[in-house]
Amino acid sequence: MTQRYVRIKTNREQIYYGVLKANRSVLVYDAPPWLNGQETDMVLESDTYQLLAPCVPSKIVAVGKNYLKHAVEMGTPVPNEPLLFLKPPTTIVADTQSIIYPLQSQQVDYEGELALIIGDRCSKVNPEQAAKSIWGYTIANDVTARDLQRKDNQWTRAKGFDTFCPLGPWIVREVSVEATIQTFINDDHAPRQSAVISDMVFNPDFLVSYISQIMTLLPGDVVLTGTPEGVGSIKPGDSVRVEIEGIGSLLNQVA
Ligand code: MG
């Protein structure tokens, strides 16, 4: 089985990085694995911890309109270079935690996305160097208050509410470019979003290189690679599940 790298909090409130085993026990590491964390001899059983979001980024750099059909559904052209925005790290919630519907919005949308986890400090790297700086991959939901995004000239408010970045449940080292990304609402069998990773306009190596020309990326930082077509609204009581083949699924309820 692919190694699943997790971050956990024990029943005694201690936080560790580690590897999730098939029986749900966690082999604890002494530091984040992208900072050369090594295995310890500590193993925690499944009833002694909860999963946290798998990293603690200094920033979340997100890319808008990186799938052609999504740009079309938004009524806009694909930008000829990546369109970047930031989400504050306080948007992050773990798998199974709630997305809180803000009072200021009447239209909150899901956006299922592939998230890149940066392993090395990188500044002004080329795409080949960028490829080596991508330590792993996880799943994200770039939750967006669509009405506020339209109303404001920039996206800080629409993208920045607490709980607007479900992330996880774990990190894997590899993902196939042919992997599918799908988003499901409640118990629907038909996905609302369904695409393959290779439908991206700008690929992960290019994105990381491009971002690094502007700002230094630090170990543990997160890059959201954009959402495919099929975005739609969620309301309190809904659950939203983003699945990426070879990684797993990220499930959150709206409260
Ligand atoms: Mg997005």
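Whatever order the structure lists them in is the order used to number ligands and atoms, beginning at 1. Only heavy atoms go into these numbers, but all of them, side chains included; no hydrogens, no water, no symmetry mates. Computed from a predicted model, the values in this text were never measured in an experiment.
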Does the side chain of D221 pick up a donor-acceptor pair with the side chain of S58 at under 3.5 Å?
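The answer is yes; a qualifying pair exists.
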Among T144, D109, T156, the one residue meeting side chain to side chain contact (heavy atoms under 4.5 Å, CB included) with Q149:
T144
Could you check T183, N252, L251, D187 and say which one makes a side chain to side chain contact (heavy atoms under 4.5 Å, CB included) with R241?
L251
Measure from the Mg ion (ligand 1) to every N/O/S atom of [X] and report the name of the nearest one.
X	value
E113	OE2
D142	OD2
E111	OE1

Aromatic centroids of W170 and Y137 separated by under 6.0 Å
no
